[in-house]
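Below you'll find the structure, written out as C-alpha cells, and then a few comments.
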Amino acid sequence: MARIAAEAVVTNYCEMKVSDCSTPAMRDQHAKTHGCVSAEFIVRDDLPAEFTTDLFRPGARYPATLRFSNGRGTAGSDRRIDARGLSIKLHKVGTDTVLRMLAPDKASAGEHDFALSSFPIFFCKNVIDYTLLMNAVSAPHATWREKLGRGLRGLEFIVRCPRQSYLFARTAVEGLLTIRNPLTATYHSMSPFLFGEHKVVRYLVGPRDGQDEGARWRTFVPWTKPENFLRDALVRDLDPHQPGADVVLDFSIRVRHAATPDDVEDASRWWSRPQDEVVRLGSIAIPRQSLLAQNQLYDCEHMVFNPWNCLPEHRPLGSVNRMRLAVYLASRQVRRKLNMVA
C-alpha cells in the first residue's frame, strides 16, 4: 500500500511536468508556503522527570525553523477550502534520527522534524483508506471520460468510507472558516508517536494566549479577504519595524491513557478518555523578523521536513506513518530532481 501511494506521488509529479515543463515541482501536499520563520524552541525548566527524554531535557534550547502552509498539493488562494499546516525543524540536536540511520543522504545531521496540521485527527483510518482516497483524487482528468472516471472513484470512496469522507471535508472546511492568522491557529500531529519507552502521544502546538473560539466562528468571512491573507497576517504580526514582544507558541503532547493497538493503527480515532492528559513540554519563541527576502523564499521552498527525521524514542507509529516514510522520500527525491536541486 505504501508503494502504491508513493507511485501516485511520482505519477502526479510527472504528469504536472509534462503539462507545463516551466512549472517548478512543488510539495505533494502543503504546497503553498505562507512563510518560514526563525525561532527558538525552549523546553520547560520544570519538566517532570517522567516526560524527560534526550530531546526534551529541562531547560534545553534549540534553534528552530517553522514553515506555515496550506494543505493542498497545489498553490492557490487562501480563500479556498483547505487545511493549514505547520512544520518544525529543530537544529543542533545531538543524536542521529531514524531517517538518518535509514537513509544518511536524505537527512542532515543535528535535525529533528515535526509535521502538524490544523485538525486534531487524520481523516483516514489507515493506509488502506488513504490509498483508496489517493486513487480517487490522483486519477487522470484531462478528458471528459477521465473526469467521469475520477468522479466515479470519488463517489465510490464516499460510499465505502462515509466517515473518512466527512472528516476529509470537515478538516478542509474548518481550516478555511476558523483560521485567519497562522500564528493564532492550533496545530496537531494527527497521527500517534512514541514518547520515551512506553507512552503513545500526539503533538499539539498552539498560541500561549489561547483563542476566542466563538468569536473566530462568528466574525471571520474569508471570501472578503485578499488571496494571500494568511501570508499578509504573518508578515504584519512579525514586522520588525513595529514594536511588540515575541510571538510564543506552546508545544505540548496529548498522552493516550492505556494505549491499545487500535489507538496506534487508527489515525482517525478521537482521544477523549478522562484519563488522557495534555502536558506542556515547552514553548516556541518567534522574534519579529522579515520573511520575504528572495534568499529566504528560496531556502524555504527547498527545505525538507519528514516526520521520520526524529529521534528513535519519538518515532512515528501506525500504518499511516509507515506509509508517510515511503511517500515523503519519493516526494523529496522526485521534486528535487525535477527542480534540478542537488
Side-chain angles (χ1 to χ4, degrees), residues 1-6 8-9 27-30 69 71-73 82-88 98-99 113-138 157-158 160-175 185-195 198-206 252-273 276-278 305-310 312-331:
M1 291 296 182
R3 179 179 57 81
I4 294 173
V9 170
R27 290 171 171 82
D28 178 62
Q29 299 296 325
H30 295 273
S69 63
R72 291 183 185 233
D82 202 357
R84 314 303 182 190
L86 169 64
S87 298
I88 304 170
V98 175
L99 182 60
D113 295 347
F114 302 94
L116 306 103
S117 188
S118 55
F119 198 68
I121 60 175
F122 197 56
F123 47 82
C124 287
K125 176 179 179 179
N126 51 36
V127 68
I128 298 174
D129 289 349
Y130 188 78
T131 302
L132 290 173
L133 178 62
M134 288 292 291
N135 286 338
V137 301
S138 302
F157 179 79
I158 293 172
R160 292 181 60 177
C161 307
R163 180 176 182 270
Q164 290 84 340
S165 301
Y166 163 75
L167 289 174
F168 181 70
R170 182 178 168 184
T171 298
V173 170
E174 287 195 14
T186 298
Y187 302 92
H188 313 260
S189 66
M190 298 190 294
S191 54
F193 287 75
L194 182 68
F195 191 92
H198 306 295
K199 292 183 177 64
V200 176
V201 307
R202 283 172 168 151
Y203 294 110
L204 180 68
V205 179
S252 306
I253 51 174
R254 185 182 301 277
V255 184
R256 184 60 161 171
H257 175 74
T260 66
D262 283 344
D263 290 325
V264 170
E265 295 298 330
D266 184 354
S268 69
R269 172 175 286 197
W270 294 94
W271 289 2
S272 55
R273 292 177 187 154
D276 294 345
E277 61 176 330
V278 174
F305 299 87
N306 189 321
W308 284 89
N309 192 27
C310 63
E313 60 188 337
H314 299 293
R315 66 182 179 273
L317 301 174
S319 67
V320 168
N321 275 325
R322 293 192 291 273
M323 173 201 66
R324 291 169 84 186
L325 176 61
V327 169
Y328 275 61
L329 288 177
S331 173

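Values below: all heavy atoms of this structure, side chains included; hydrogens, waters and symmetry mates excluded.
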*asked:* According to salt bridge (charged side-chain N to carboxylate O under 4.0 Å, His left out), who are the partners of Glu265, at least two apart in sequence or on a separate chain?
replied: Arg322
*Would a line drawn from the ring center of Trp270 to the ring center of Phe122 be shorter than 6.0 Å?*
no
*Could you pull out the closest heavy-atom pair between Cys161 and Leu132, with the gap in Å?*
SG-CD1, 4.1 Å
*Find out whether Glu313 and Phe195 are in side-chain contact, i.e. whether some heavy atom of one side chain is under 4.5 Å from a heavy atom of the other.*
no
*Are any non-hydrogen side-chain atoms of Arg202 and Phe193 less than 4.5 angstrom apart?*
no
*Calculate, to the nearest 0.5 Å, the distance between atoms CG and CG belonging to Asn126 and Asp129 respectively.*
4.5 Å
_Point-to-point distance, once rounded to the nearest 0.5 Å, from CZ of Phe123 to OH of Tyr130_ = 6.0 Å
_Minimum heavy-atom separation for Val98 and Pro312, please, with both atom names._
CG2-CA, 3.7 Å
*Pair Ser191-Asn321, side-chain hydrogen bond (donor to acceptor under 3.5 Å, both in side chains): steps then yes or no*: CA-CA 7 Å; Ser191 54; Asn321 275 325; 3.1 Å; yes
*Taking C-beta and beyond as the side chain, do Ile88 and Asp113 meet within less than 4.5 Å on heavy atoms?*
no
*Check against side-chain contact (heavy atoms from CB on, under 4.5 Å), Ile121 and Leu167*: CA-CA 9 Å; Ile121 60 175; Leu167 289 174; 4.0 Å; yes
*Is the shortest heavy-atom distance from the side chain of Gln164 to the side chain of Lys125 under 4.5 Å?*
yes
*What residues, two or more places apart in sequence or in another chain, satisfy salt bridge (charged side-chain N to carboxylate O under 4.0 Å, His left out) together with Arg160?*
Glu156
*Closest non-hydrogen atom pair, Pro307 against Pro316*: O-CG, 3.4 Å
*Please identify each residue that fulfils salt bridge (charged side-chain N to carboxylate O under 4.0 Å, His left out) with Arg273, with sequence neighbours left out.*
Asp263
*Do Leu325 and Leu99 come close enough that some side-chain heavy atom pair is under 4.5 Å?*
yes
*Is there a donor-acceptor pair closer than 3.5 Å between any side-chain N or O of Asp82 and the backbone N or O of Gly71?*
yes
*How far does SG of Cys124 sit from CZ of Phe168, to the nearest 0.5 angstrom?*
8.0 Å
*State, yes or no, whether a side-chain contact exists between Glu277 and Val255 at a heavy-atom distance under 4.5 Å.*
yes
*Name the one of Leu116, Leu86, Leu204 that satisfies side-chain contact (heavy atoms from CB on, under 4.5 Å) with His188?*
Leu204
*Do the numbers put Arg315 on top of the ring of Trp308, so that NZ or CZ is under 6.0 Å from the six-membered ring centre and no more than 45° off the axis?*
no
*Between Phe114 and Tyr203, how do the two ring planes meet: parallel, tilted or perpendicular, split at 30° and 60°?*
perpendicular
*asked:* Less than 3.5 Å apart, any donor N or O on the side chain of Ser268 or Asp266 sitting next to an acceptor on the other?
replied: yes
*In terms of heavy-atom contacts, does NZ of Lys199 have more than 12 from other residues, nucleotides or ligands at under 6.0 Å?*
yes
*Could you state the interatomic distance from CZ (Arg163) to CD1 (Ile158), rounded to the nearest 0.5 Å?*
16.0 Å
_More than 12 heavy atoms from other groups under 6.0 Å of CZ on Arg269_ = yes
*Say whether, by atom type as modelled, one donor and one acceptor occur between the side chain of Asp276 and the main chain of Arg256 under 3.5 angstrom.*
no
*Distance-only, no hydrogens or angles: does the Arg84 side chain make a donor-acceptor pair with backbone N or O of Gly175 under 3.5 Å?*
yes
